[in-house]
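Chain naming here is simple, since letters A, B, ... match the order of the sequence lines and numbering starts at 1 in each. These numbers come from a predicted model, not from an experiment.
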2 protein chains.
Amino acid sequence: MDLAGARDARMDWRGGAIFRPVRTGNTFEETVERLLEAIKLGVLAYGDRLPPERELAGRLNVSRETLREAIRSLQLAGCVESRRGRYGGTFVTYRLPPPDPGDLRRAVQDMGAGLEDALTYRMVLETGAAEQAARRPLTEEQRAYLRERLADLENAAPEEYRQLDSRFHLAIAELTGSHSLAAGIAESRMRLNDLLNAIPMLERNIDHASEQHRTMVDTILAGDAEGARRCTEEHLEATAALLRGFLG
Amino acid sequence: MDLAGARDARMDWRGGAIFRPVRTGNTFEETVERLLEAIKLGVLAYGDRLPPERELAGRLNVSRETLREAIRSLQLAGCVESRRGRYGGTFVTYRLPPPDPGDLRRAVQDMGAGLEDALTYRMVLETGAAEQAARRPLTEEQRAYLRERLADLENAAPEEYRQLDSRFHLAIAELTGSHSLAAGIAESRMRLNDLLNAIPMLERNIDHASEQHRTMVDTILAGDAEGARRCTEEHLEATAALLRGFLG
DNA sequence: CGTCAATGGTCCGGTTTCAGTCCATTGACC
DNA sequence: GGTCAATGGACTGAAACCGGACCATTGACG
């Protein structure tokens, strides 16, 4: 067993990914994060009801007590409201705050090296998802679902554009049928979310993005895997470049 | 707030990815899993020493007590041995069990729908990683590192081929510099690992795989992103097809 | 031959998390 | 107007987990 010394000299950038944290916070914190994910990514829109506590606790594999603690902190933050009784429940009251360019520079900078990581992670996952979605035989229901998400996005009021955009991109991930892929995309978008929200939306940018969205849907529905990948890449590259610009 | 009813009818396949478990097991179990990941994927080879408990507990963000419990269970399973004193430590004693084709059919079948998920997840991550690696400007050290992993693999004895293969693929992920990407690849490989290990290695298959590995390295080092993606895809598609064959 | 720094081994008090139970409230429906 | 099923709210004892301190062992090195 004398190989030891020879190998663990490099241990730093080797074990880097493998010895990553098993827990990034306590259960309570991660539960709050997960609920915010659903809300901020637009899976739960304003006014939507969360699943009942007992069921949700089961899905998240967390005790009801802990889940309730998480919900309570969202109540304090004004993100949700709860009502008792049958036909009661917990309802989303979160509204996206208006973009503040001042935030952006700060947020980008204290994200530091994590930004490059998040950007390439996202690029890989989303271009891959688009390609896989295009390759799959989609049911008519799925096709309709994708077109619906696109329509929602095109009719969006400015203040809900961001969430519907996330929702649209998540929909593509769901079409692949790969749970893990969708989860990864949700996670990566969540990491970039504060940054993206801080970018002011110009009319011109929205028009350009919308055109790319339409192309993505067209290529996916046409089964054009290569095309879907390419235009998704182009689409993501635009915002990535914008964010990188603030690193200077 | 009457939108509620209209939306949560579809909640099943919508919240599917977003309401995934916050915890897949207790801390102890996930810690064991993480250590096995390092061992089974060949990041820690036979005879290697684990980082000291205090440091490792810190990296995994787990209490030393819990980490020690995990290590104890690996000791019972015969995967590691510990020695006290300065220059002591915990050392890997795990040897890959010989492949058993009988296991394969069983393992594939009770993985069920999870198999398709894991396979497309892997495909997206690894082809993406290869492409990104090819795009990056690599340092001479990184280029050497990649070539080393390839050389290790080509000189591998049959019983260590699997681990060095994982090690090689992980090396490509590391070249992208994206922590999350490497973590995802490690995770997906871990899910498929038992299946892959159960496949008997034929001389002919190894030769073919080796040629593909060389092509992957060549294209990456040459900065040929398209080529790297294509040959990685081809490489992965081979084993994927083989596994799918057992689903019948 | 003794020192001592680094490592695994042990223990304990405090906190978080869990599973289960029971209570309180509400509104659709009879 | 009363019923009652579904929902949030509250409590409790047990288990898991943490963090920190202290002990035991080892071998390189002076």
Side-chain angles (χ1 to χ4, degrees), chain A residues 1-2 4-9 11 21-35 44 47-76 79-93, chain B residues 1-2 4-9 11 21-35 44 47-76 79-93:
Chain A
M1 298 213 190
D2 278 327
R7 298 196 63 166
D8 65 11
M11 227 27 140
V22 167
R23 295 281 188 258
T24 59
N26 57 31
T27 308
F28 159 69
E29 290 166 338
E30 288 187 24
T31 304
V32 171
E33 215 55 38
R34 187 61 61 77
L35 295 179
L44 292 176
D48 279 1
R49 189 183 72 175
L50 275 63
E53 292 178 353
R54 291 164 177 81
E55 178 195 331
L56 188 51
R59 284 218 234 173
L60 299 180
N61 199 23
V62 149
S63 80
R64 202 186 145 202
E65 184 95 40
T66 304
L67 171 61
R68 280 178 53 72
E69 237 184 292
I71 290 179
R72 197 173 311 136
S73 97
L74 291 182
Q75 287 170 343
L76 287 181
C79 297
V80 301
E81 280 177 10
S82 294
R83 291 201 304 274
R84 291 215 264 191
R86 194 175 187 175
Y87 311 100
T90 299
F91 298 84
V92 176
T93 57
Chain B
M1 297 214 188
D2 277 328
R7 300 196 61 166
D8 64 11
M11 235 13 150
V22 169
R23 297 280 188 258
T24 59
N26 56 31
T27 309
F28 159 69
E29 290 167 338
E30 289 187 24
T31 304
V32 170
E33 216 54 39
R34 188 61 60 77
L35 296 178
L44 293 175
D48 279 1
R49 189 184 72 177
L50 274 62
E53 292 178 354
R54 291 166 177 80
E55 178 194 333
L56 189 51
R59 285 218 234 172
L60 299 180
N61 197 25
V62 149
S63 80
R64 203 187 146 204
E65 185 95 41
T66 304
L67 170 62
R68 282 180 52 70
E69 237 185 294
I71 290 179
R72 197 173 313 133
S73 97
L74 292 183
Q75 288 170 340
L76 287 182
C79 296
V80 301
E81 282 177 8
S82 295
R83 291 202 302 275
R84 290 216 265 189
R86 196 177 186 175
Y87 311 102
T90 299
F91 299 84
V92 177
T93 57

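Protein atom CZ of Arg23(A) is 12 Å distant from nucleotide atom C1' of dT16(C), rounded to whole Å. What separates CZ of Arg64(B) from P of dG9(C) is a distance of 8 Å, to the nearest Å. Between Leu56(A) atom CG and dC18(C) atom P the separation is 13 Å, expressed in whole Å. Residue Glu65(A) contributes atom CD, which lies 10 Å from atom P of dC18(C) at whole-angstrom precision. Summarising the geometry, the separation between CG on Leu67(A) and P on dA19(C) is reported as 13 Å, rounded to the nearest angstrom. Atom-to-atom, CZ of Arg68(B) to C1' of dT10(C) comes out at 8 Å; the value is rounded to the nearest Å. One can place CD of Glu53(B) at 8 Å from C1' of dG9(C), the figure rounded to the nearest angstrom.
For the pair Phe91(A) and Arg49(A), the tightest heavy-atom approach, listed with the atom from each and the gap, is CE2-CB, 3.6 Å.
Judged by closest nucleotide on DNA chain C, Asn26(A) is the one of Arg84(A) and Asn26(A) placed further toward the 5' end. Nearer the 5' end of DNA chain D, as judged by each residue's closest nucleotide, is the contact made by Thr66(B), out of Thr66(B) and Arg54(B). The nearest heavy atom of DNA chain C to Asn61(A) and to Gly85(A) marks one nucleotide each, and the one closer to the 5' end goes with Asn61(A).
Once you apply a 4.0 Å limit to the heavy atoms of chain B, the touched nucleotides of DNA chain D run 5' to 3' over dC17(D) to dA28(D).
By the 4.0 Å N-to-carboxylate-O rule, Arg23(A) lies too far from Glu30(A) to be salt-bridged with it.
Using modelled atom types, one side-chain atom of Thr93(A) and one backbone atom of Cys79(A) make a donor-acceptor pair closer than 3.5 Å.
One distance of note links CZ of Arg68(A) with CG of Leu56(A); it measures 12.5 Å at 0.5 Å rounding.
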Could you walk me through whether Leu35(A) and Leu67(A) pass side-chain contact (heavy atoms from CB on, under 4.5 Å), step by step?
CA-CA 10 Å; Leu35(A) 295 179; Leu67(A) 171 61; 4.1 Å; yes
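Each of Arg64(B), Arg59(B), Arg72(B) was compared with Glu53(B) under the salt bridge (Lys or Arg N to Asp or Glu O under 4.0 Å) criterion, and only Arg64(B) meets it.
Regarding contacts with the backbone of dT17(C), every side-chain N or O of Ser63(A) stays at 4.0 angstrom or more from both OP1 and OP2.
The salt bridge (charged side-chain N to carboxylate O under 4.0 Å, His left out) search around Arg84(B) returns none, not counting sequence neighbours.
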